[in-house]
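Keep in mind that what you see is a predicted model, and the values were worked out from it rather than measured.
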Amino acid sequence: MFYAFGFERLGVIVSDLYFVDPEPEEGQEGAERGVRLELRLLAAGELHGSIYSARPITVDRPLWRADLLESVAGPAGSFDRTHHHPRFDGWEPGQRVFVEELSADPLAWVAKRLADPEGLLAEAGAAPDEITPADAAELRAAVPQIVDAVRTLLDRIRAGELALPPGPEPVTNARVSWL
């Protein structure tokens with residue numbers, strides 16, 4: 001399942017995630033589950049018909065990512081694998097960055113970061129003109145709704161409804177998610 005929040009040129013996409021890294025770092029072995037949130041650029045396409053036709057929308061290049069993950073084998077709510085990726089190289093995320101405050105209170109940390117889109121863009125190495133002032137204002141206004149969507153996904157994951165493995169057999173490599 002995913003939620004999409006779109007502004008003028010900026011969007012936030014949020015999805016549940018079940019992940020098994022085939023080459024994990026030490027201490028990161030085993031399946032992870034949780035919520036992935038990405039700050040992405042958006043592009044509105046040209047109409048393919050009349051003025052009433054549906055408009056193509058492209059969810060484009062990622063700028064920043066937060067992964068509110070925990071080990072499947074660990075206790076629910078531990079957020080022991082929670083991290084963020086401050087930069088991307090094209091479509092590839094940079095290294096995982098673990099922040100104590102992020103694991104301690106993921107929703108508050110994400111809300112604080114999203115409330116500062118200019119700071120996120122600077123950290124991501126993106127040009128300030130990649131978004132408009134309206135993007136920044138609309139993102140700030142939408143932070144409570146985005147946090148509610150993340151909370152809803154986390155609740156459904158804990159209820160066993162989302163972020164499920166791809167099948168009944170154990171896997172050594174999996175990514176089940178829209179993101």
Would a single hydrophobic cluster contain both [Y] and [X], if residues Ile, Leu, Val, Met, Phe, Trp and Tyr are joined by side-chain heavy-atom contacts under 4.5 Å?
X: Tyr3; Y: Ile146; result: yes
X: Leu63; Y: Phe2; result: no
X: Leu154; Y: Val143; result: yes
X: Leu120; Y: Phe7; result: yes
X: Leu69; Y: Val72; result: no

What's the shortest heavy-atom distance between [X] and [Y], and which atoms?
X: Thr82; Y: Phe98; result: O-CD2, 3.2 Å
X: Ile157; Y: Gly34; result: CD1-O, 3.1 Å
X: Gly45; Y: Arg55; result: O-NH1, 2.7 Å
X: Leu10; Y: Ile131; result: CD1-CG2, 3.8 Å
X: Val171; Y: Pro166; result: CG1-CG, 4.0 Å
X: Ser53; Y: His48; result: OG-N, 3.7 Å

Considering only heavy atoms from C-beta outward, does the side chain of [X] approach that of [Y] to under 4.5 Å?
X: Arg156; Y: Met1; result: yes
X: Phe88; Y: Arg61; result: no
X: Trp91; Y: Pro62; result: yes
X: Arg140; Y: Pro117; result: yes
X: Arg65; Y: Arg36; result: yes
X: Val99; Y: Trp109; result: yes
X: Tyr18; Y: Leu164; result: no
X: Leu42; Y: Asp60; result: no

TODO: Using the test side-chain hydrogen bond (donor to acceptor under 3.5 Å, both in side chains), find all partners of Arg175 that sit at least two apart in sequence or belong to another chain.
DONE: none

Task: Matching residue for Leu37 among Val147, Leu153, Leu114, Leu179 - test: side chain to side chain contact (heavy atoms under 4.5 Å, CB included) - done: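 With Leu37 as partner, Val147, Leu153, Leu114, Leu179 yield a single side chain to side chain contact (heavy atoms under 4.5 Å, CB included), made by Leu114.
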
Open item on the list: Looking at Glu70 and Gly77, would you say the former's side chain and the latter's main chain have a donor-acceptor pair under 3.5 Å?
Closed with: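 Side chain of Glu70 to backbone of Gly77: a pair is present.
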
Task: Whether His85 and His83 hold their rings parallel, tilted or perpendicular, with breakpoints at 30° and 60° - done: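 If you compare the ring of His85 with that of His83, the planes turn out perpendicular.
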
Task: salt bridge (charged side-chain N to carboxylate O under 4.0 Å, His left out) partners for Asp16, two or more places apart - done: none

- [ ] Just jot down the salt bridge (charged side-chain N to carboxylate O under 4.0 Å, His left out) partners of Arg40, sequence neighbours excluded, or say none.
- [x]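 Once residues adjacent in sequence are excluded, the partners of Arg40 under the salt bridge (charged side-chain N to carboxylate O under 4.0 Å, His left out) criterion are Glu38.
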
Task: Polar side chain donor-acceptor pair, Thr152 to Asp155, under 3.5 angstrom - done: no

[X] side, atom [atom1]; [Y] side, atom [atom2] - distance, nearest 0.5 Å:
X: Trp178; Y: Leu17; atom1: CH2; atom2: CG; value: 14.0 Å
X: Leu102; Y: Phe79; atom1: CG; atom2: CZ; value: 9.0 Å
X: Arg113; Y: Leu39; atom1: CZ; atom2: CG; value: 10.5 Å
X: Glu130; Y: Leu121; atom1: CD; atom2: CG; value: 7.0 Å
X: Asp105; Y: Lys112; atom1: CG; atom2: NZ; value: 11.0 Å
X: Phe5; Y: Gln145; atom1: CZ; atom2: CD; value: 6.0 Å

TODO: Determine the sole option in Glu29, Glu25, Glu32 for which the salt bridge (charged side-chain N to carboxylate O under 4.0 Å, His left out) test with Arg81 is passed.
DONE: Glu32

Task: Exceeds 12 heavy-atom contacts within 6.0 angstrom, atom CG of Asn173 - done: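 Count over threshold, so yes.
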
Open item on the list: Leu162 vs Val35, test: side-chain contact (heavy atoms from CB on, under 4.5 Å). Steps then yes/no.
Closed with: CA-CA 10 Å; Leu162 296 174; Val35 171; over 6 Å; no

